[in-house]
Amino acid sequence: MKPRIHYTKPSITELEVEYATDAARNGWGDQCYAYIARFEEAFKAHLCVKHAIATSSCTGAIHMGLAALGVGPGDEVIMADINWIASAAPITYLGATPVLVDILPDTWCIDPHQIRQAITSNTKAIIAVHLYGNLCELNQLLRIGAEHGIPIVEDAAEAIGSKFDDRSAGSMGQFGTFSFHGTKTITTGEGGMFVTNDDDLYESVLTLSNHGRSRHQKKQFWPDRIGFKYKLSNVQAAIGCAQVERIEELIAEKRRIFNSYRRELANTPVQLNPLANDCVEPGYWMVNAVFPADCMDLNRREALIQRLDVIGADARVFFWPLSSLGLFKKRHDTPVSYDVSSRSINLPAAFGISDDQIRAVSSVIREFAKHSQEGVC
């Protein structure tokens, strides 16, 4: 029986096992935060940022960051319609409202022109989600933020390894957040990271992350404000330390996988993730295939996923537009989001996928694309 061709799977070596074992055996008492501090230091060094706080999830990192910015009831936060709900949910936790706008057809990230049209006196922040490791138009977004005095928040959960003008995704906004879920380029099983170059914002989030207890508070068990509990465990951080030591290797492997698909699917009408240019270098967390509009619809997409399942390959649908869920009020038309979502799939891109497996998946995709050109999808 052939091994399953996984949609996603982490790369775990003896180094991760060694560090996790050490944390489980020795990481208690005065060593209970040792790997957490080490993980934060290593990650901020990789990004070239001043501050990093390890969290239990990227969702928690966004929640605390927005809270520290003062987002609250009556406020609005602009973000792209097509995203995973984890980027929008923290806005609602604070009583604020997500304002959903459309994406650019070539990057699948938030459209700066749509942002300008959505800004109101209630706009408190703009969240730039680097979808699937693709890069937002950061120069334009940062310019908009500066013009209106609105902080740009980078949700880089899917963008480890992605760079803009040789600067790492997540390091350029008012703050950035990352995910270390088991599906991501580096993992701690579950987990996240808050990063910033803003000293005051760092102190505020650090306090919020520890039930509102300031690190400067001398009284024991004395919180200075109502906070949260979004800490990463020492054992998880130990795995993260090993992953960061291997981060360049892991990023390179994601790029190998993407480039293999690109070669296999050349000369087909299938569009993959936007290619790098002089100022953008995607990390290619996930490989996405977008099919011609005259071929693909939701039923055909399900049929394609089933065809891949026959050869033992996992595939997933593209994220749904958030406004399609019935959970958020739709204020702006987002046709590009609905269009791209309806005719796209995520291809298997797990660490360890072989060239033969990529060829097998690509063969099914090529056949489907050929039928689309012939009008017989």
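Treat the numbers as computed from the prediction; the structure is a model and nothing was measured.
- For E76 and R331, the salt-bridge test passes: some basic side-chain N is under 4.0 Å from an acidic carboxylate O.
- In this structure, Y33 shares a hydrophobic cluster with I36, the cluster being traced through Ile, Leu, Val, Met, Phe, Trp and Tyr side chains under 4.5 angstrom apart.
- Chaining together hydrophobic side chains whose heavy atoms lie under 4.5 Å apart leaves V235 on its own.
- Within 6.0 Å of CD1 on I226 lie no more than 12 heavy atoms contributed by other residues, nucleotides or ligands.
- Taking 4.5 Å as the limit, every side-chain heavy atom of W28 sits out of range of all side-chain heavy atoms of N234.
- No side-chain heavy atom of V270 sits under 4.5 Å from any side-chain heavy atom of V290.
- With W108 as the aromatic partner, R343 does not meet the cation-pi criteria of under 6.0 angstrom to the ring centre and within 45 degrees of the ring axis.
- Atom CG of D297 sits in a crowded spot, with more than 12 heavy atoms from other residues, nucleotides or ligands closer than 6.0 Å.
- When the side chains of ILVMFWY residues are joined at heavy-atom separations under 4.5 Å, either directly or via intervening members, I152 and L104 end up in two distinct hydrophobic clusters.
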Report the C-alpha separation of T123 and T120 in whole Å, then their side-chain angles, then the decisive distance to 0.1 Å, and conclude whether the side-chain contact (heavy atoms from CB on, under 4.5 Å) test is met.
-> CA-CA 5 Å; T123 304; T120 72; 3.7 Å; yes

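- Aromatic ring pairs are classed by plane angle as parallel below 30°, tilted from 30° to 60° and perpendicular above 60°; the pair Y132 and F319 is parallel.
- In this structure, CD1 in I91 is found 11.0 Å from NE2 in H63, a value given to the nearest 0.5 Å.
- Of the N and O atoms on the side chains of R256 and N259, not one donor lies less than 3.5 Å from an acceptor on the other residue.
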For residues 135-147, which side-chain donor-acceptor pairs fall under 3.5 Å, sequence neighbours excluded?
| residue | atom | partner | partner atom | Å |
| --- | --- | --- | --- | --- |
| E147 | OE1 | R116 | NH1 | 2.9 |
| E147 | OE1 | R116 | NH2 | 3.2 |

Carefully, step by step, assess S323 and D81 under the rule side-chain hydrogen bond (donor to acceptor under 3.5 Å, both in side chains).
-> CA-CA 6 Å; S323 63; D81 193 2; 2.7 Å; yes

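- A distance of 10.0 Å separates CD1 in I110 from CD1 in I103, rounded to the nearest 0.5 Å.
- Under the 4.5 Å side-chain heavy-atom criterion for grouping Ile, Leu, Val, Met, Phe, Trp and Tyr, V195 is not connected to L206 through any hydrophobic cluster.
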Evaluate the side-chain hydrogen bond (donor to acceptor under 3.5 Å, both in side chains) criterion for residues N346 and N288: first the C-alpha distance (whole Å), next the side-chain angles of each, then the deciding distance (0.1 Å), finally the verdict.
-> CA-CA 5 Å; N346 301 328; N288 312 102; 2.4 Å; yes

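- A donor-acceptor pair shorter than 3.5 Å cannot be found between the side chains of Y35 and S233.
- Taking the centre of each ring, F228 and H211 stay at or above the 6.0 Å mark.
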Evaluation steps, side-chain contact (heavy atoms from CB on, under 4.5 Å), between K124 and I150 = CA-CA 6 Å; K124 194 75 172 184; I150 300 171; over 6 Å; no

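- Side-chain contact between I126 and V77 is absent, with no heavy-atom pair separated by less than 4.5 Å.
- Hydrophobic clustering, with ILVMFWY side chains joined whenever heavy atoms are under 4.5 angstrom apart, keeps M172 apart from F178.
- At a threshold of 4.5 Å between non-hydrogen side-chain atoms, the residues P98 and F328 count as touching.
- No side-chain N or O of H130 forms a donor-acceptor pair with one of E158 less than 3.5 Å apart.
- Clustering ILVMFWY residues whenever any of their side-chain heavy atoms sit less than 4.5 angstrom apart, transitively, puts F351 in a cluster other than the one holding I353.
- Taking 4.5 Å as the limit, some side-chain heavy atom of D309 sits within range of a side-chain heavy atom of R4.
- In this structure a side-chain-to-backbone donor-acceptor pair under 3.5 Å is present from E154 to G170.
- Between the side chain of S168 and the main chain of S171, no donor-acceptor pair closer than 3.5 Å is present.
- With values rounded to the nearest 0.5 angstrom, T185 atom OG1 is found 10.5 Å from F180 atom CZ.
- Under the 30°/60° scheme for interplanar angles, the aromatic rings of Y284 and F258 are found to lie parallel.
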Can you give each donor-acceptor pair under 3.5 Å made by side-chain atoms of residues 38-48, sequence neighbours left out, with the distance rounded to 0.1 Å?
| residue | atom | partner | partner atom | Å |
| --- | --- | --- | --- | --- |
| R38 | NH2 | Y19 | OH | 3.2 |
| R38 | NH2 | E245 | OE2 | 3.4 |
| E40 | OE2 | A54 | N | 2.8 |
| E41 | OE2 | K44 | NZ | 3.0 |
| K44 | NZ | K50 | O | 3.4 |

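- The line from OG1 of T97 to CD1 of I78 is 12.0 Å long, rounded to the nearest 0.5 Å.
- Within a 6.0 Å radius of CG in D166, other residues, nucleotides and ligands contribute 12 heavy atoms or fewer.
- Interatomic distance, M193 CE to I160 CD1, rounded to the nearest 0.5 Å: 9.0 Å.
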Dump the intermediate steps for side-chain contact (heavy atoms from CB on, under 4.5 Å) on K184 and W285, then the final yes or no.
-> CA-CA 7 Å; K184 297 303 190 292; W285 165 61; 3.7 Å; yes

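- For the pair E302 (side chain) and N299 (backbone), a donor-acceptor distance under 3.5 Å is absent.
- Side chains of D102 and S337: a donor on one and an acceptor on the other come within 3.5 Å.
- Listed for the S362 side chain is no donor-acceptor partner under 3.5 Å among the backbone atoms of E264.
- With no hydrogens or angles considered, no side-chain donor-acceptor pair links S214 and H216 at under 3.5 Å.
- In terms of heavy atoms, Q117 sits closest to H332 at O-CE1, 4.3 Å.
- With a 4.5 Å cut-off on side-chain heavy atoms, L131 and F318 count as touching.
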Go through the steps to decide whether K163 and V280 satisfy the test side-chain contact (heavy atoms from CB on, under 4.5 Å), and finish with yes or no.
-> CA-CA 6 Å; K163 292 189 174 183; V280 172; over 6 Å; no

Under the salt bridge (Lys or Arg N to Asp or Glu O under 4.0 Å) rule, what do R307 and E367 come out as? Steps first, then yes or no, please.
-> CA-CA 11 Å; R307 289 187 203 179; E367 180 183 1; 5.1 Å; no

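- Under the 3.5 Å distance criterion, with hydrogens and angles disregarded, no donor-acceptor pair is assigned to the side chains of T207 and R213.
- Residues meeting the salt bridge (Lys or Arg N to Asp or Glu O under 4.0 Å) test with R215, sequence neighbours left out: E203.
- Contact of the D155 side chain with the C58 side chain is registered, since non-hydrogen atoms from C-beta on lie closer than 4.5 Å.
- Remark: R316 is positioned above the aromatic ring of Y7, its terminal NZ or CZ atom under 6.0 angstrom from the ring centre and at most 45 degrees off the axis.
- No donor-acceptor pair under 3.5 Å is formed between the side chain of S341 and the backbone N or O of Y338.
- For R359, the salt bridge (Lys or Arg N to Asp or Glu O under 4.0 Å) partners at least two apart in sequence or on another chain are D356.
- Of the possible donor and acceptor atoms, one in the side chain of S344 sits under 3.5 Å from a partner among the backbone N and O of V340.
- Under 3.5 Å, the side chains of T188 and Q243 contain no donor-acceptor pair of N or O atoms.
- Side-chain contact check for H148 versus I119: some heavy-atom pair is nearer than 4.5 Å.
- Between the CD1 atom in I85 and the CG atom in L322 there is a gap of 6.5 Å [rounded to 0.5 Å].
- Electrostatic pairing of D314 and K9 does not count as a salt bridge here, judged by no charged N lying under 4.0 Å from a carboxylate O.
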